[in-house]
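All ligand and atom numbering here is 1-based and tracks the order in the structure. The residues of the chain are indexed from 1 along the displayed sequence.
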Amino acid sequence: MKVIDNIKDLKSYLSEYKKDNKKIGFVPTMGALHAGHLSLVKKCISENDICVVSIFVNPTQFNDKHDLETYPRTLEQDCKLLEQAGCAVAFAPSVEEMYPEPDTRQFDFGTVSSVMEGIRRPGHFNGVAQIVSKLFYAVEPDNAYFGEKDFQQIAVIRAMVKQLGIPVNIVDCPILREEDGLALSSRNVRLTAGQRQKAPVIARTLKESVNFAPEKSVQEVIDYVTSTINAVPEMRVEYYEIVDGNTLQSISQWSDTDYPVGCIAVYCGEVRLIDNIKYQPLSK
Ligand code: PAF
C-alpha cells in the first residue's frame with residue numbers, strides 16, 4: 001500500500017488510473033479505524049479498480065476543542081489495517097496541506113444541515129463540507145463511501161455535491177454493530193468499562209421501538225425511547241427525532257413520510273454517541 005501525504009503526489013499517482021479510465025473508489029475517514037470503516041473499504045475495493053482511503057482529523061468540523069484534542073489518532077495501526085484489507089492508497093495529509101490558508105467558505109444546504117446535529121454542533125457540517133469537497137477535488141473519485149451511522153452527514157454530502165456540481169456517486173453503507181448492538185464508532189474507546197456496558201441500551205431501545213411503532217403515535221415512540229435511555233444512570237438523550245429520511249424534517253404522524261428514520265444523540269458520561277434506525281412506513 002502506498003502512503004501519500006500531499007495532494008500533488010496523490011494526483012500524480014492517480015493520474016495513471018484516470019488515463020486508463022479505471023474506477024477510483026474513495027473512503028474518507030478521520031482514522032482510528034474499526035470494523036465499520038473496514039466494511040466500507042471492503043465494499044470500495046470490490047466495486048472499483050483502486051481504493052483510496054484518507055486519514056485526516058479535520059479541525060474545522062470540531063465545534064468542541066476538547067473533542068478535537070482527545071480524538072484518537074492511530075495512524076500506524078490504521079495503515080496496517082488498511083494494508084491488510086487490500087487498500088491501495090492511504091492519503092494522510094497534514095493540516096497545513098489541507099488548509100494552506102483558512103477555508104472561509106460558508107455553505108448553506110438549507111434544512112438538511114440546520115436540524116438535529118446542525119443545531120447542536122454549530123459549524124460542524126460546514127467543516128465537513130469544507131474538507132470533503134477538498135478531498136473530492138484531490139482524489140476525484142468515481143464512488144465515495146459513507147457509513148449510515150452518520151445519517152445526516154450523508155444527506156449533507158449529497159446536498160454538497162449537488163450544489164458544487166462534483167461528479168461523484170455517493171454510496172451509503174449500513175451501520176456495523178457490536179454483538180450487543182452498539183454502533184461501531186471511534187468514540188467507543190473513550191467509554192469506561194461501566195459506560196460500555198450501559199451504551200447498548202441505545203440500539204436495544206431503538207430496535208424495540210420499531211417493533212411496537214405500528215401501534216403507537218410518533219410522539220409515544222419518541223417518549224418511550226427518550227425515557228428508557230434516560231432511566232439508565234450516566235445516559236442522557238440530547239435529542240431523539242423521527243424524520244423524513246430524505247428531507248430530515250421531523251414528522252409528527254407516520255403518514256407524513258414513506259421513509260421514517262429515527263435519529264438520536266446520547267451522552268454516555270462525557271462521550272457523545274449517535275445512532276439511527278429506520279421504521280416501517282405505513283402501507284399505502
Ligand atoms: O465521518 C467522518 O469520519 C468525517 O466526518 C469525514 C467524512 C471523514 C470528514 O472529515
Side-chain angles (χ1 to χ4, degrees), residues 5 7 10 25-41 43-44 51-65 67-75 77-79 81-82 87 89-99 103 105 107 109 112-113 116-118 120-139 141 143-161 164 166 168-176 183-190 248 263 265 271-276:
D5 66 4
I7 297 172
L10 179 70
F26 177 46
V27 183
T29 81
M30 296 206 298
L33 302 182
H34 51 63
H37 295 112
L38 297 176
S39 72
L40 307 190
V41 172
K43 193 168 164 61
C44 177
C51 167
V52 180
V53 176
S54 64
I55 299 173
F56 180 69
V57 181
N58 173 38
T60 71
Q61 71 186 75
F62 284 82
N63 55 314
D64 173 350
K65 212 167 154 246
D67 195 22
L68 172 62
E69 279 159 8
T70 55
Y71 201 86
R73 288 162 170 88
T74 55
L75 182 60
Q77 169 71 3
D78 291 342
C79 287
L81 290 171
L82 290 178
C87 168
V89 179
F91 177 53
S94 63
V95 173
E96 293 69 35
E97 179 67 15
M98 293 317 291
Y99 296 102
D103 190 338
R105 289 175 299 165
F107 294 94
F109 302 120
V112 288
S113 61
M116 299 190 290
E117 295 294 294
R120 276 82 183 188
R121 304 184 66 190
H124 168 66
F125 286 129
N126 201 65
V128 169
Q130 287 177 343
I131 191 60
V132 175
S133 59
K134 278 172 179 274
L135 290 167
F136 282 173
Y137 294 138
V139 179
N143 298 305
Y145 296 77
F146 292 88
E148 280 190 339
K149 185 173 74 68
D150 296 293
F151 190 81
Q152 190 175 2
Q153 172 170 275
I154 300 184
V156 168
I157 286 167
R158 284 191 190 286
M160 179 196 79
V161 297
L164 299 180
I166 303 177
V168 56
N169 175 39
I170 304 298
V171 184
D172 328 0
C173 306
I175 301 177
L176 235 72
L184 294 192
S185 162
S186 304
R187 290 192 168 87
N188 293 353
V189 297
R190 283 166 47 192
L248 300 193
C263 298
V271 184
R272 188 172 186 274
L273 303 173
I274 59 170
D275 202 342
N276 60 78

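Atoms of ligand 1 lying under 4.0 Å from at least one heavy atom of Ile131, given by number and element, are 9 (C), 10 (O).
Between atom 9 (C) of ligand 1 and the options Met98, Met30, Gln61, the minimum heavy-atom separation is to Gln61.
Between Phe62 and Tyr71, the gap from one ring centroid to the other is short of 6.0 Å.
Within the 4.0 Å heavy-atom criterion, the part of Thr29 lying near ligand 1 is the backbone and not the side chain.
A pairwise comparison of heavy atoms in Phe26 and Cys44 identifies N-SG, 3.6 Å as the closest pair. Nearest approach of Val112 to Ala159, heavy atoms of both residues: CG2-CB, 4.1 Å.
Looking only at distances, a side-chain donor or acceptor of Arg105 sits under 3.5 Å from a matching main-chain atom of Gln130.
Between Gln153 and ligand 1, at least one N/O pair is under 3.5 Å apart.
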